[in-house]
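Just below is one structure, and these are the notes that go with it.
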Amino acid sequence: MKTKYTSEIFEILRRGRFICSNSPDDQIRMLYGILEEEETFIELQSYFNHINYHLEHGNEYFYFSRSESNADLDRKLKKTFGWIDLLDFLKTFDLSFDIGFRFSPAEITNQLKNNADLKNKLDNLKIIGADKRNYSERVKKVIEQLVKDDFVALENEMNETYKVLTSFNYLKELVTAINIPEEVENEIPE
Amino acid sequence: MNIQSFNDIKELLAALRREDKLLYEMFGKRKSLEFKLSYARELVDYDEARIEYLIEKSVLRQNGGLLEIDDLYLRFFEQVLEVNEEINLASIDENIKSIQENIVYFLNENNEHRKHAYLREIKRTFRKIGIVTIRSVIDLRRKVDNTFKNEPNFKNKQLKLKHLDEKRIMVRKLQGQAIELINENQPVFFKTSQDEELKRIITELKIQLNECSHNLIEIEKQIINYLNQIKQQGLFLEKLRKLKYLKAHFTIEAETDIEEQLSKNNLLIFERRQSEPLNLSIDFVINDERAFEAIKKAATNFKTRIQNIPQLAETIATDFLDNNVEQEIMINLEEVRNHFLATGDNLFSFIKNYNFNKEVSFEERVTIYCQLISLYDRELKVTNEYENLKGVEYAMVYPK
């Protein structure tokens with residue numbers, strides 16, 4: 001028997017979003033629990049396969065992929081480049097920026113004051129465009145993008161705390177998967 | 001400056017008590033390394049002599065405009081309050097040595113009184129070993145956690161954890177030495193000693209050491225885990241940095257397999273979010289209350305946008321409004337019949353000559369003739385005699 005949450009799961013995943021085990025949203029955590037049951041997972045997987053969506057289980061997250069992508073390579077490259085810049089920015093903000101990490105826009109904005117490197121990286125972020133002059137607005141834009149891609153989520157509205165979701169694993173895995181040949185690696189300065 | 005010490009514990013306690021406010025503040029700010037003399041003055045009600053006294057007795061040290069608690073006191077406070085940062089392993093080592101020495105003295109001594117003093121020292125030291133070992137294990141654990149979570153410098157974090165791991169090995173070694181000391185090194189002493197208290201202390205120490213060894217195993221796991229995490233983080237950061245470098249030099253596509261990786265990767269997140277132009281269900285539009293609401297709402301939008309300007313007609317000319325009477329003379333067939341019945345003429349000649357008050361043509365008169373015959377045939381007598389007029393053959397008809 002397919003679960004009664006099938007359409008709910010479909011609606012989330014087909015937007016390119018993730019269902020994460022550590023989402024602050026109770027509903028999503030509940031859906032994660034449902035998908036985690038092996039029987040349900042296998043059943044839904046074959047069900048979605050009929051309409052060309054592959055339900056996949058990542059490290060603590062679920063997502064959809066397709067056998068034939070509708071996105072061309074250029075678009076994927078552009079998106080990945082954006083993520084590399086973003087990761088670089090976030091790791092410069094805090095080395096321990098990883099799953100479960102909590103932060104607020106104010107913390108990032110505050111660090112911009114005394115971290116020229118971070119500021120420089122923010123200035124060069126392509127995804128937020130150049131029109132925003134104000135730093136706190138730019139940081140807000142960065143976080144909006146992260147929320148849109150479903151890598152972080154607002155945990156506490158009162159003090160504007162965001163939490164890094166398990167889907168962040170996907171970004172890490174993507175970066176790790178890219179292979180740099182040794183001879184190229186040797187040419188990169190320390 | 002000549003260094004004086006306190007004459008007795010009473011004087012020391014009195015001095016500490018008198019300046020508790022100052023010492024409390026200074027101890028609280030011991031990490032900041034910047035305790036201003038001016039602020040200290042405020043805390044002693046601007047009585048310079050009180051600060052001078054503490055400096056004289058080496059409780060405080062003055063360094064330019066700054067003041068700090070002497071290391072001896074600072075360590076004492078920290079250790080007693082269990083907030084020490086450093087793990088002091090030397091003391092365990094010293095204590096083990098001291099026990100060994102005292103055991104030798106004890107065995108050599110014949111004087112009961114002095115023997116007892118050595119035994120007391122041994123017991124005291126054993127108790128100390130237990131406490132110090134447990135304390136150092138707890139400290140170690142706390143430090144490992146703190147270092148991993150709070151040390152911002154990446155390389156130092158790794159180094160500090162490695163050093164803590166070395167400390168862990170040291171604690172383990174010392175703990176092993178202590179157990180060895182109890183179990184093997186001095187069999188004569190432990191067998192001959194009949195002291196109940198010593199036996200109890202030894203048992204307690206064994207329990208403590210056992211607990212420590214469990215804790216140490218746990219700490220070892222923790223450190224390995226942290227170091228692995230750091231290593232992985234480090235590898236990841238290194239990779240990220242390299243990719244960023246290649247990207248910045250526009251060689252990432254040519255030099256790495258990023259294109260291959262991405263062409264394998266068909267996540268929906270890469271796709272543009274598509275809107276779905278679905279048609280409305282007719283049933284829904286017709287039957288659902290919500291659909292009706294939606295239509296009404298949509299309709300109001302349309303109303304405001306398209307303005308209907310009514311087209312005005314021109315004014316009607318006044319002569320159109322005047323009464324126009326048109327008269328038409330109708331032929332009353334019944335009246336014609338009545339007149340005919342009163343005469344003795346035949347119908348055709350009667351109609352041919354009848355005055356209808358208007359011009360009536362011969363053809364029309366023939367039509368009236370036929371109409372009258374068909375309408376009132378029962379009142380007329382149609383004979384078989386025929387006559388001819390203007391090419392029209394007609395029957396002679398008389399009233400009955």
Side-chain angles (χ1 to χ4, degrees), chain A residues 13-18 52-54 56 58 63-81 83-85 87-92 94-98 121 124 148-151 167 170-181 183-185 187-190, chain B residues 145-161 225-276 278:
Chain A
L13 294 181
R14 84 184 173 105
R15 286 166 212 267
R17 291 182 58 204
F18 298 91
N52 269 333
Y53 286 102
H54 296 303
E56 308 215 26
Y63 62 97
F64 265 167
S65 74
R66 286 197 221 256
S67 43
E68 286 289 320
S69 178
N70 286 347
D72 58 9
L73 191 60
D74 267 357
R75 185 172 162 81
K76 287 183 188 173
L77 274 173
K78 218 175 131 196
K79 196 131 188 148
T80 310
F81 288 169
W83 286 336
I84 290 176
D85 286 340
L87 274 173
D88 184 45
F89 173 75
L90 296 170
K91 286 283 184 188
T92 310
D94 195 318
L95 273 177
S96 48
F97 195 99
D98 211 325
K121 279 174 179 165
N124 291 322
K148 202 176 139 216
D149 284 345
D150 224 10
F151 295 123
S167 47
Y170 172 73
L171 285 187
K172 283 163 64 187
E173 281 155 20
L174 182 65
V175 166
T176 317
I178 300 169
N179 188 30
I180 308 174
E183 62 271 22
V184 177
E185 222 168 57
E187 283 168 21
I188 301 172
E190 278 293 315
Chain B
D145 271 358
N146 277 350
T147 310
F148 179 71
K149 284 174 189 150
N150 300 331
E151 172 61 53
N153 186 306
F154 191 70
K155 279 190 175 145
N156 279 350
K157 187 187 273 202
Q158 202 166 10
L159 273 178
K160 277 187 180 175
L161 279 175
N225 181 15
Y226 284 160
L227 283 173
N228 277 341
Q229 278 191 40
I230 291 174
K231 200 174 155 197
Q232 263 173 4
Q233 267 187 23
L235 285 175
F236 177 76
L237 285 175
E238 193 58 30
K239 184 68 159 286
L240 186 64
R241 193 183 65 78
K242 283 173 179 165
L243 287 178
K244 177 97 183 159
Y245 176 88
L246 291 173
K247 189 174 100 46
H249 288 76
F250 303 104
T251 53
I252 187 164
E253 287 159 74
E255 307 270 29
T256 71
D257 63 349
I258 187 167
E259 290 187 345
E260 194 193 325
Q261 289 292 343
L262 286 178
S263 55
K264 280 193 290 187
N265 204 321
N266 291 333
L267 250 71
L268 250 62
I269 195 168
F270 287 113
E271 297 182 11
R272 254 189 204 96
R273 284 176 199 174
Q274 290 161 343
S275 64
E276 290 177 353
L278 289 178

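So you know, we letter chains A, B, ... as the sequences are listed, proteins then strands, and number each from 1.
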Please determine, among His249(B), Lys264(B), Lys242(B), the option with the most heavy-atom pairs under 4.5 Å with chain A.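 Answer, by heavy-atom pair count under 4.5 Å with chain A: Lys242(B).
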Among Glu253(B), Gln233(B), Lys149(B), residue most engaged with chain A (heavy-atom pairs, under 4.5 Å): Glu253(B)
Mind checking the [atom1]-[atom2] spacing from [X] to [Y]? Nearest 0.5 Å is all I need.
{"X": "Thr92(A)", "Y": "Phe97(A)", "atom1": "OG1", "atom2": "CZ", "result": "11.5 Å"}
{"X": "Phe89(A)", "Y": "Asn124(A)", "atom1": "CZ", "atom2": "CG", "result": "11.0 Å"}
{"X": "Ile258(B)", "Y": "Leu174(A)", "atom1": "CD1", "atom2": "CG", "result": "7.0 Å"}
{"X": "Lys91(A)", "Y": "Arg241(B)", "atom1": "NZ", "atom2": "CZ", "result": "15.0 Å"}

Below 4.5 Å from any heavy atom of chain A, which atoms of [X] appear? Answer side chain, backbone, both or neither.
{"X": "Leu235(B)", "answer": "neither"}
{"X": "Glu260(B)", "answer": "neither"}
{"X": "Glu259(B)", "answer": "both"}
{"X": "Gln261(B)", "answer": "side chain"}
{"X": "Lys247(B)", "answer": "side chain"}

Does any heavy atom of chain B fall under 4.5 Å from the side chain of [X], the backbone, both, or neither of them?
{"X": "Asp94(A)", "answer": "neither"}
{"X": "Phe81(A)", "answer": "both"}
{"X": "Leu13(A)", "answer": "backbone"}
{"X": "Val175(A)", "answer": "both"}
{"X": "Leu95(A)", "answer": "both"}
{"X": "Lys76(A)", "answer": "both"}

Is it true that a side-chain atom of [X] and a backbone atom of [Y] form a donor plus acceptor pair closer than 3.5 Å?
{"X": "Asn179(A)", "Y": "Asp257(B)", "result": "no"}
{"X": "Lys157(B)", "Y": "Thr147(B)", "result": "no"}
{"X": "Lys239(B)", "Y": "Ile178(A)", "result": "yes"}
{"X": "Ser167(A)", "Y": "Asp150(A)", "result": "yes"}

Picking from Tyr170(A), Tyr53(A), Phe18(A), which has the most non-hydrogen pairs under 4.5 angstrom with chain B? Tyr170(A)
Under a 4.5 Å heavy-atom cutoff, which of Glu56(A), Lys79(A), Glu185(A), Arg66(A) has the most pairs with chain B? Arg66(A)
Take Asp98(A) and Ser96(A) through the test side chain to side chain donor-acceptor pair (under 3.5 Å) and record every step on the way to the result. CA-CA 6 Å; Asp98(A) 211 325; Ser96(A) 48; over 6 Å; no
Is it the case that atom NZ in Lys78(A) sees more than 12 heavy atoms from other parts of the structure closer than 6.0 Å? no
